Structures are given as structure tokens and as C-alpha cells.
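Predicted, not measured: the structure shown is a model, and the values here were computed from it. Chain naming here is simple, since letters A, B, ... match the order of the sequence lines and numbering starts at 1 in each. When reading the values below, keep in mind they use all heavy atoms of this one structure, side chains included, and skip hydrogens, waters and symmetry mates.
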2 protein chains.
Amino acid sequence: MPEPRATPAPVTLEEVARVAGVSRATVSRVVNGVSTVDEELRELVTRAIVATGYTPNRAARSLVTRRAGAIGLVLPDEGRMLGDPYFGRVVSGVMDVTQPLGVQLVLTSAGTGTHQQVVSDLRQGRLDGVILIHTHAADPLPKLLIDNNLPVVLAARPVRPTPITYVDVNQLAGATLAAHHLADRGCYRVATITGPVSTTAAQDRLKGFRTTMADRGYPDVVAVEADFTHEGGATAMEELLVKCPDVDGVFIASDLMAHGALPVLRKHGLHVPDDVAVVGFDDSSPALACDPPLTTVRQPVEDMAAEMARLLLGRIERPDRPVSAVVFEPTLVVRQSA
Amino acid sequence: MPEPRATPAPVTLEEVARVAGVSRATVSRVVNGVSTVDEELRELVTRAIVATGYTPNRAARSLVTRRAGAIGLVLPDEGRMLGDPYFGRVVSGVMDVTQPLGVQLVLTSAGTGTHQQVVSDLRQGRLDGVILIHTHAADPLPKLLIDNNLPVVLAARPVRPTPITYVDVNQLAGATLAAHHLADRGCYRVATITGPVSTTAAQDRLKGFRTTMADRGYPDVVAVEADFTHEGGATAMEELLVKCPDVDGVFIASDLMAHGALPVLRKHGLHVPDDVAVVGFDDSSPALACDPPLTTVRQPVEDMAAEMARLLLGRIERPDRPVSAVVFEPTLVVRQSA
DNA sequence: ATGAAAGCGCTAACAG
DNA sequence: CTGTTAGCGCTTTCAT
């Protein structure tokens, strides 16, 4: 009688070994590409693998190798990240390196209660390491992970100097690029809209901008803090126009915020770039969606994300490898907003 | 002498059992919440677990339970998805249900060569099931998975009627909403910009729009196909204005495309909504970023994604559970573009 | 209600 | 170069 279509019995090493007439160890060697296997046997085993449709069981392998073959991407809890094109770029860059290696990418959102989850996942061996995105100053997770000696890479310079591996863009240099561009244009009164100053990215961009501007003879730069969102950018621009009605040049610390801010300028009858010149930061999709297209500081997010993945995988491979920091150089992309 | 700070030896069931003075089996029962354990022993074991800082090893558990405790989210290969706010909304909705359950969410991008990877991950037991996003007509993956009897949920109605579980929004109803709104406004000449017609979402929105428009006395509705991207929307609008210069009402099948199309209208000196009324689809962040804010058909993406996760988890739990389809109703969100 | 014992499928010494 | 053997840490009958 016909079997009630059940899940086919999974093929094991044992069975392949039987079919090929060798031991499990030999099959294992072939599967793992160990070079010390007789060419003839290898051939034989390979055929048996194909014939049986064998697929190795990861759990069994993990149990003995103590490797999960998976890394985590930890997002900030606020959830705002998911609406930012930055998120997709990071995912894309990370997957470019993990996918070909067969390493799984696990998404986790941080946040109260989830920290333990992350640490637990690491300790349970479900995750070999994690990439931490945009943790803010108060976040205890980085320290928690370092103290537990778990492989971790940060997507930004840590708030306090910490023996931790991270990848970042040279924020200061980026802000400097923006500052010079605005100064070169002959702006009279410049200002900036920053990200949350609890992040080093926002701090550095602000500092770099102010420093360079001071050098160029603009001692007073008004700054309004926002939250890296579209809406936040709009609100901040309204506020800025009140605080500083004669502004004619503004550096906005993310393209998404700039995209929110531009319509506010137009609403107030201000033309970009003639009345107010605007420089953004990121060079992500909103920059092109802006009207006019946004002049912005480009950070190579995909490349940076790929580098994070590589560094993490490297650390997992050899935990004794020293921590390191890789800093990418930003470039100015001139379009029409400034 | 002080130990060279090494990774602390992981605590096992064995050790907890020793500390509590019971057998491994009992500890296992306590950990898994089996009810037939003496209250006193349970208490004892619980204390031992805390004292030792025990965390169960997932690989060992998976090996015997044959459950990975992880599901996959498979994205279309084109990569365009990563730039779409839709992506973040899906992730958000799925994580809302997986995170509290301790189920891992693994990101995978489909694409040549990756299909095998996905099937393989499933068969290796690395993934208990997958959610497939926006697969297009020609994609062989859904069939591959069904044939292998693997748990899968689709994020849209399958192209051909297939015994598969899926979640969708009532596309026809959504398009009908848009059509009536434009007709009620008294538009004279209406048109539409569609998504890739290889997707059922695009097909249904087009069909629903045309059908309803015909009912309302507009037999000829010009349609231009685009790709659901910002840029594609802009290009399509240019094309549409050539094909149909007197258009005064257009249904654009995604907010992202609408966001790209609006500036084109303005560039041509056309005012929205006075000269041309525009209705979008999605109600995602670009709708609010539009100028003027976009009137659009809202689909509850987060809820839909959460439902997909629930359905998938249900199927994993009981594979014999019959396939099902859950269809959400869209609503019209009226703002200023129409 | 609890413990003993048998694996889950795989890798990694260690012999040979 | 290959096979034998001993687990990895956990769940799960099966006795008791």
C-alpha cells in the first residue's frame, strides 16, 4: 500500500557511508573538503552523496564544532531604524559577504529584555557573533558582550574608548567637507540640524562642522537637534527658521532629515539653493528623491557593512585576533541643493 | 595563578544536575516546564540553574527535537526590496511575533543559486520554515518548497492556483477604492501606473482599477508599467504624460512610485490635485513625504506580516494543518493629492 | 514522580 | 590514507 506521503526519512552520513562502502569518517572528510582523501574514494563518496541526496545536519555539526554558522544583526530598539534606507544598505552589505559563505544572518532588535536574549543566543551557541547597529551612549549591551568575551563589531565608534572592534566613516572629515562647501559658496549665516547627540555619529558631525566653520570665520553656528527621521527633519527646520531667520546655508546630518526639511523651506518661500543652500549626509536614496537633488556627504554604507561582516567573521575564526577599527573616508557628492 | 581570561566553560545540564543533586532528566523536565515534577525538586533545580548560570545548548536540543527555532524571510533577488519601506514594515511585523517566542528570524535573499541554499537550509534543519516575499511568476521556489513538503507562507496570492498558505490584501478592493475616489472627484481622463505585471499584486491592482473604472463609465484607462521603485515611478509618469497629455487623475500602484512621479508633474507645470489628482497604494512613509501628502490605499503591512509569521509557526507546529489564505481589507486614506 | 540509558548526526582524536 | 571510537548536550522512552 502507498505510504501516506510523509516527510522522507532524512539521509545521514551513516547511510552515505553504507552506499559508498566506506566509513562515516571518510564521508565526513569528503563533505568537509579535507584534502587527505584518496581521489578514487572521494569520487565514490561524491557519487553516493548525490545518489542519496544527502544534506548534512547542522545541529549535529554545531554540537561538536561549537559553531552556529550564524551571526546576528542587532538593531536599536526604537524601531526607527527599520524605516531608514540605511537599514537596507547595511543588510545588503552584510549579506554580500555572509550569503556566499553560507553564514546565516539573524535579525534582532535590541531593547529592554532583548539584551538578555542576545547574550543568551550567543551563549547558547545560536549565534557566533553580532554586529551592533547604532547603539546609543547609555546602551549596556556592548559592555555586556565584551565582558563576556563574545565576538562583536560596532557600526560606529563607541561612546567611551573601549577595546572593541568597530567600523565607521570619518565623521569629522565628512562634516568638514560639508562645511567647506558651504563656506566656499559664500554663505553668510550657516546652521546645522544634528542627529540625536547621544550617538557618536551625531556628535562627531556636529563637532566637525563647528570646528571647520570656526576656522573659516563662522564662530557661531546654530544647531538644532533632531532624531534622524524624515519628520524630525521637518520639525527641526521649522525650529531653525525661527531661531535663525537669516540662515542661508545648512548642514543636515542625514539625507532622510534633509528630505523632510526641504519642503519646509519651500513652504516658507525659500528657494534651494539660491536662498538657502543645503548639504546632507549619507547619500542614500532620499538624496535623489529630494527636489532639488541633494548635495550630500557620501558614506559607503554597503562597503562598511561588508567590512563589519568580514571583521566579525575573522574574530569568530580567531578570537585572539586583536580588536581593530576601520574608518572609511567620506566624499562630497555635489548635486543641486548646494 | 590567575587563569588566562578564557571563555568560561559552558554550563551543561549535567552540572546543574550535580549541583541540584538530581538526574539530568529532571533538570531537563524543569527547563522544559514539564508539569509532572515535584514542586520541591523544581524549586531546587531552579535555584541550581540560577546559581550556575545555565543556558541550554540549542544545537543539542535541535539535534534531538529536530527543530531549529528559526524561520527564514526570503527576499526577491532584485535587491530593490531592500530600498523599499515595505521591507522594514514586513520585518517589523514578523519580529513582533517571533521575538517574544524566541524564534530567530533569518534573512535570505533569493536569486539564482540561493534557491538551493534555501531548500538546503530547510532540509538541514537550520530553518523550520520560510516566508516568501513577492516572488514573481517565474520563480520556481514556491513549487520547489511545496513539493518538498516544507512549511512555507507566501506574502501574496500565488500566480497559479496552488495549495499553499498565503496572506494578501484584497488588491481588487483596494484598486476599486482608488477608482471610485477618482471617479467621484469627477475626473475626466484617468490613467494608472502599475507595478511589474509579473506579480499578482500589480495584476490585481490594474484589473480592479480598470474594471471599476469601466463600470463608472471610463472604458479606456491608459496604463504604464513600472517597477515599484521611486525612479521607475518618475520615468513612468513622463511616459504617461506623453501618451495621455490630458490626464487629470492617476492611480499609482505604490507610494514609492507616486513619490517619484509627483515632482515630474510639478516639473510639467501641473498642479496636484487641481490639474491632476493622484492616488497611491500602501500608505507607507513616502506617502507622508509627498508634497502634497498622498491620498492612498492603505494596506496593513505590519499586521499582514505578523499574520504570516503566525500561520507559518502554526504550520510548523502541526504540518498536517490545512493550507489557508488570509486576506486583509484595505482602506482609503484621504489626504491632499486627490 | 524520578532515574538510567539510549541515542539524535556529526567531528575529531587516535590507531593502524 | 582510512577506520574505530568516543563523545558534543540534550530529550525521551522505559523501568522503577
Side-chain angles (χ1 to χ4, degrees), chain A residues 7-46 48-49 52-69 102 120-128, chain B residues 7-46 48-49 52-69 102 120-128:
Chain A
T7 310
V11 182
T12 69
L13 258 197
E14 180 78 53
E15 186 165 342
V16 178
R18 234 195 41 234
V19 171
V22 299
S23 71
R24 292 201 317 259
T26 301
V27 179
S28 175
R29 291 189 185 103
V30 172
V31 170
N32 294 292
V34 175
S35 55
T36 66
V37 177
D38 185 272
E39 203 43 55
E40 209 159 318
L41 275 194
R42 179 189 302 284
E43 184 64 22
L44 202 61
V45 171
T46 307
I49 289 175
T52 54
Y54 169 74
T55 343
N57 178 313
R58 294 299 291 222
R61 180 179 295 181
S62 284
L63 185 55
V64 42
T65 60
R66 296 166 171 297
R67 279 280 165 56
S120 169
D121 276 356
L122 259 341
R123 300 206 21 206
Q124 287 184 168
R126 296 182 83 181
L127 254 30
D128 295 326
Chain B
T7 310
V11 182
T12 70
L13 260 196
E14 181 77 50
E15 185 165 342
V16 177
R18 235 195 39 235
V19 171
V22 298
S23 72
R24 293 203 314 259
T26 300
V27 179
S28 175
R29 291 188 186 105
V30 172
V31 169
N32 294 292
V34 174
S35 55
T36 67
V37 177
D38 185 272
E39 202 42 55
E40 209 159 318
L41 275 193
R42 179 187 304 282
E43 183 64 20
L44 203 63
V45 171
T46 307
I49 289 175
T52 54
Y54 169 73
T55 343
N57 178 314
R58 295 297 295 221
R61 181 179 293 181
S62 283
L63 184 55
V64 41
T65 61
R66 300 170 165 296
R67 278 277 167 51
S120 168
D121 276 355
L122 258 342
R123 300 206 24 208
Q124 286 185 169
R126 295 181 81 178
L127 253 30
D128 295 326

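Taking every nucleotide of DNA chain D with any atom under 4.0 Å from a non-hydrogen atom of chain A, the first and last of them, 5' to 3', are D/dC1 to D/dG9.
Taken from OG in B/Ser23 to CD in B/Glu14, the straight-line distance is 10.0 Å, to the nearest 0.5 Å. Here the straight-line distance linking atom OG of A/Ser62 with atom CD of B/Gln124 works out to 9.5 Å at 0.5 Å rounding. Taking CD from B/Glu39 and CG from B/Leu41, the interatomic distance works out to 9.5 Å, rounded to the nearest 0.5 Å.
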Interface polar pairs with nucleotides 8-12 of chain C, N/O, under 3.5 angstrom:
| unit_1 | atom_1 | unit_2 | atom_2 | d |
| --- | --- | --- | --- | --- |
| C/dC8 | O3' | B/Arg66 | NH2 | 2.8 |
| C/dG9 | OP1 | B/Arg66 | NH2 | 2.3 |
| C/dG9 | N2 | A/Ala60 | O | 3.3 |
| C/dC10 | OP1 | A/Tyr54 | OH | 2.4 |
| C/dC10 | OP1 | A/Asn57 | N | 3.2 |
| C/dC10 | OP2 | A/Leu13 | N | 2.4 |
| C/dC10 | N4 | A/Arg24 | NH2 | 2.8 |
| C/dT11 | OP1 | A/Asn32 | OD1 | 3.4 |
| C/dT11 | OP1 | A/Asn32 | ND2 | 3.2 |
| C/dT11 | OP1 | A/Arg61 | NE | 2.8 |
| C/dT11 | OP1 | A/Arg61 | NH2 | 3.3 |
| C/dT11 | OP2 | A/Ser28 | OG | 2.7 |
| C/dT11 | O4 | A/Arg24 | NH2 | 3.3 |

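Judged by distance alone, with hydrogens and angles left aside, the side-chain atoms of B/Asp128 form a donor-acceptor pair with the main-chain N or O of B/Ala68 at under 3.5 Å. Between the side chain of B/Asn32 and the backbone N or O of B/Val34, no donor-acceptor pair lies under 3.5 Å. Between the side chain of A/Thr52 and the backbone N or O of A/Ala48 there is at least one donor-acceptor pair closer than 3.5 Å.
Looking at heavy atoms from C-beta onward, A/Asn57 lies out of side-chain contact with A/Thr12 at the 4.5 angstrom threshold.
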